[in-house]
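Note sheet for the following structure.
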Amino acid sequence: MSRVLEPKDSEQVARRLLDSSARNSYDPLVDIDWTAEPVPGKAYMPQERVSLYGTELWRRLSAEQRVELSKHEMASIASVGLWFEIILMQLLVRHAYDLDPRGAHAQYALTEVGDETRHVIMFAKAVERFGVPRYGPPRIVHELARGYKALASGPSMFAAVLVAEETTDRLQRSMMDDPDIQPLIRMVNRIHVVEEARHVRFAREEVLRSVPKLSRARLEAHRYLTALVSYAVVDSLIDPKVYRSVGIDPREGRAAALANPEFHQTRRWMAEKVVEFLTDAGMIGGPSKAILRRAHII
Ligand SMILES: [Fe+2]
Ligand SMILES: [Fe+2]
């Protein structure tokens, strides 16, 4: 059901976020024990969130192989996540370029760039620690994003940022207190969840502030762009190369995941909160919803 959402004063919000950043921020280089050994038998993400969970291929995997695949899928999600965070850093720097640097709003945008710099290194170190191949989005997505990060602006920019941040956030929240998950992953997730909460607040306010200023035609254009970028990001999270880690051909694994109703459900679950917000804010609606449906985001 649609609620009426009102943006708050942007300086006031930014001041509060700066305050919270000063009180509660982490330095993953010192706050995480990078030398700790992984705990044998513990998974790297909840098994029911692994893309093949519930399929015939999954049934054929041993318990060890299931843990191994969870490690590679988590590494892929972290790798695609950090790729998007590098994009986000550029978007935020471009956003700050036009702002009055004396204001809290500009200063918070730059604080967030600092957060994301630390997150990228944190995820990169975690992936390095796992000893997995380099995972990432498909080449075409990587190349198209070059133009996107140089040009994107307005409500669809912040809406797409929210989809990337909130979908992964939901997954991370669900396992940060789960004793069956590797301690390193839980710590990384805990740090990320704390700092992402501020980023989500900041981006949501930007969406609420900018959507009402759009004409009907521009609103539809921003909805399309939001849907397309969301599709590209969500569909890239699992690099098909991960299936090689358990002897499954990447094409076969990807086809099985895309046909897997459990995996569709996982995607909708990850997107549930952000979809609710973007629908209320007006950024999800109209014919572009078909794209989100195809991606199993709605
Ligand atoms: Fe982040
Ligand atoms: Fe973030």
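Hydrogens, waters and symmetry mates play no part in the numbers below; they use all other heavy atoms, side chains included. Atoms within a ligand are numbered from 1 in the order they appear, just like the ligands themselves.
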Side-chain H-bond candidate by donor/acceptor type, K149 with Q90, under 3.5 Å: yes
Metal site the Fe ion (ligand 1): N/O/S of H199 inside 2.8 Å: no
E196 N/O/S atom closer than 2.8 Å to the Fe ion (ligand 1): yes
As a test of reading the structure, name the N/O/S atom of [X] that is nearest the Fe ion (ligand 1).
X	value
E116	OE1
E85	OE2
H119	ND1

Heteroatom of E165 nearest to the Fe ion (ligand 2) (N, O or S, atom name): OE2
Ring geometry between F158 and H95 (parallel below 30°, tilted from 30 to 60°, perpendicular above 60°): perpendicular
Hydrophobic cluster membership, V93 vs L88, 4.5 Å side-chain cutoff: yes
Face-on cation placement of R204 at F277 ring, 6.0 Å and 45° thresholds: yes
Distance, nearest 0.5 Å, that separates CZ of R170 from CZ of R49: 8.0 Å
